[in-house]
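Notes follow once the structure below has been shown.
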Amino acid sequence: MPKSIKLPLDEKTVSSLRAGDQVRISGTVYTARDAAHMRMAETLDKGLELPFDINGQVIYYVGPTPAKPGQVIGSAGPTTSSRMDAYTPKLLELGLKGMIGKGYRNDQVKQAIQDNHAVYFAAVGGSAALIAKTIKSVEVIAYEDLGIEAIRKMEVEDFPAIVINDMHGGDYYQEGVNIYRKTNI
Amino acid sequence: MKKIMYQEIVDRVASMCQEANYNLGEDVFEAFQQALRTEESPVGKDVLQQLVDNAKVAKTEHVPMCQDTGTAVFIVEIGQDCHIVGGSLSAAINEGVRKGYGEGYLRNSVVGDPLNRKNTGDNTPAVIHLEMVEGDEITIHMTAKGGGAENMSDMKMLKPSDGLVGIKDYILDIVKDAGPNACPPLVVGVGIGGNFERCAFLAKKSLFRPIGERNPDPTIADLEIELMEEINRLGIGPQGLGGSTTALDVKIEAEACHIATLPVAVNLNCHASRHQVAIL
Ligand code: SF4
């Protein structure tokens, strides 16, 4: 049975999550991908404030398709997280509690997840039409000129994901593959 | 000489772009069902089921199965006895892409310049490969190729002495390194031989063959099957969460090469393996 979790994330919830847990996420998430991360980094370098209060929040790495008339959002599955690795430790230090994406994180991000008590979730890449159904509202809140890469605030309900990296050092990409590997290469 | 109208190409290309993104091919759908029967991991089975459900939603609601609706890549076989009227072939294809992506609510994922990275806003230019053939027909093969799997692809100039063992080790390394990033279960496209640029093209071209269709050369066909088995022993599984379905298929195209070379290219495709063919 998947665990239901509510956002924003508190310490107790984060600490209870373990690599491999299937979860259904409800609450507010913020979207950002390559260009928005680059701009957030520039903002911080200049000593300015981020366009939203990042404390306790979750960022979803996604660049959705345009909504058809009558849709809240177009298809909206995760993009590859590693492209955001360079920016992530800094955001975790500032209070970011979770990320949703797909694929490996580097060692610095995994360490920062442990140090700052955060969590990394994966959603199923390419399951974008189905995932879009769990997104109930969308509002562009910053960097509108970036188009699909703008920062959006989304309300999600029972968004399906799985815990990959937990704050205790668990890494499900390693653990899962180890169970089914039948070769030494 | 047969005449083919510019506008006919535009309209066909536009509908191919939309169809490819809304309707998962029967071959891929069948491969999902097959994998659901054999997958050992319960989490892997869940992922596969989610992909089946997702494909159904995309098809019935006419929405893209994945938000990365890809770069539009074309391999066009032009019969040498036909004549295109009203404009150039590449202009017609690009106009078709513009129309298909725009009217179909597909995502524009192309930047016009790799350095300043400004989005062109209409998913053009498309990548177009032309091949001259006999006859008076134009066959357009189209794929919407996602960036995630493309990013994990690779090419290497092996030495002839590396042989078959070297080729296999290299391909397995690439699939292993890609792990979850390329959205497994994958279709692994391989080019062997040709020269530097031709080899990468062969790997891409192999991905246009439907899942389950073997290379007509029995030696290459055996190699496809062997590699598929070895890849599925890596344990990566659906979405890299562990399991026995890492590849849905392996495709290899091989060609003549120089006595001193052994080029090998691996072009990974995710499970959102989106193809269309039109004959004009
Ligand atoms: S790799 Fe394929 S399935 Fe995954 S996000 Fe990209 S296009 Fe979609």
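Letters A, B, ... are given to chains in the order of the sequence lines, protein chains preceding strands, and every chain is numbered from 1.
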- request: Go through the steps to decide whether Arg117(B) and Glu149(A) satisfy the test salt bridge (charged side-chain N to carboxylate O under 4.0 Å, His left out), and finish with yes or no.
  value: CA-CA 12 Å; Arg117(B) 306 205 66 81; Glu149(A) 300 210 43; over 6 Å; no
- request: Go through Met152(B) and Thr80(A) one step at a time and tell me if the side chain to side chain contact (heavy atoms under 4.5 Å, CB included) criterion holds.
  value: CA-CA 11 Å; Met152(B) 304 315 289; Thr80(A) 311; 5.9 Å; no
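- The most heavy-atom pairs under 4.5 Å with chain A, out of Gly179(B), Gly121(B), Gly146(B), Gly148(B), come from Gly179(B).
- Heavy atoms closer than 4.5 Å to chain A are found in the backbone of Asp177(B), but not in its side chain.
- The residue among Lys68(A), Gln174(A), Arg181(A), Glu175(A) with the most heavy atom pairs within less than 4.5 Å of chain B is Lys68(A).
- The main-chain N or O of Gly125(A) is found under 3.5 Å from a side-chain atom of Gln239(B) such that the two form a donor-acceptor pair.
- Counting heavy-atom pairs closer than 4.5 Å to chain B, the top-ranked of the candidates Ala132(A), Gly147(A), Gly77(A) is Gly77(A).
- There is a side-chain donor-acceptor pair under 3.5 Å between Asp46(B) and Gln22(A).
- A distance-only check finds a donor-acceptor pair linking the side chain of Arg107(B) to the backbone of Gly63(A) [under 3.5 Å].
- A donor-acceptor pair under 3.5 Å links the side-chain atoms of Lys102(A) to the main chain of Asn181(B), judged by distance alone.
- Here the rule is side-chain contact (heavy atoms from CB on, under 4.5 Å) with Thr65(A), and of Leu106(B), Asn108(B), Thr69(B) only Thr69(B) fits it.
- Of the possible polar contacts, one joining the Ser75(A) side chain to the Pro64(B) backbone as a donor-acceptor pair under 3.5 Å is found.
- Here Lys133(A) pairs with Glu61(B) in a salt bridge; the nearest charged N to carboxylate O distance falls below 4.0 Å.
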